[in-house]
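A quick write-up on the structure given underneath.
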Amino acid sequence: MKTTTQKINKGHSFRRGWGQLRVKDTRRCREQLMAAFGITTLPSFTNRRMGRGRLTVEQKEEVQRIFLQYGIYDVWGDEE
């Protein structure tokens, strides 16, 4: 059986920003990000959060704009 894996691109991961969210804000932020990406499933969202797949320039700008609503400026990369 052949398995496929998607390459993780840390430059497209927003795990650092996600890790700074307050628990009470995660649901609303996730809904906003999913709408920005045009996705509807949690696995698709997790793939985006982890940096699997490419984001367009417009999508990256939208991610930054969404996180700014929560006072988060350092969005990209893995959690520290």
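Quick note: residue numbers are just sequence positions, from 1. Atoms considered below: every heavy atom in the structure, side chains included; atoms not considered: hydrogens, waters and symmetry mates. This structure is a prediction, so every number in the text was calculated from the model and none was measured.
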* Asked: Can you check whether Trp18 reaches Cys29 side chain to side chain, under 4.5 Å on heavy atoms?
  -> yes
* **Gln64 side chain reached by Trp76 side chain, heavy atoms, under 4.5 Å** => yes
Taking the side chain from [X] and the backbone from [Y], do they hold a donor-acceptor pair closer than 3.5 Å?
X	Y	result
Gln59	Thr56	yes
Gln20	Asp74	yes
Arg16	Val75	no

* Among pairs that include at least one residue of residues 24-47, which meet salt bridge (Lys or Arg N to Asp or Glu O under 4.0 Å), considering only residues two or more places apart or in two chains? ->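 Passing the test, one end in residues 24-47: Arg22-Asp25.
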Kindly compute the distance separating [atom1] ([X]) from [atom2] ([Y]), expressed to the nearest 0.5 Å.
X	Y	atom1	atom2	answer
Arg48	Ser13	CZ	OG	12.5 Å
Ile72	Ile66	CD1	CD1	11.5 Å
Gln32	Phe67	CD	CZ	9.5 Å
Arg15	Arg49	CZ	CZ	7.0 Å

* Connected-component partners of Tyr73 among ILVMFWY, side-chain separation under 4.5 Å -> Leu68
In a table with atom names and distances, give each donor-acceptor pair under 3.5 Å that connects a side chain of residues 33-45 to protein atoms at least two apart or in another chain.
{"residue": "Thr41", "atom": "OG1", "partner": "Ser44", "partner atom": "N", "Å": "3.4"}
{"residue": "Thr41", "atom": "OG1", "partner": "Ser44", "partner atom": "OG", "Å": "2.8"}

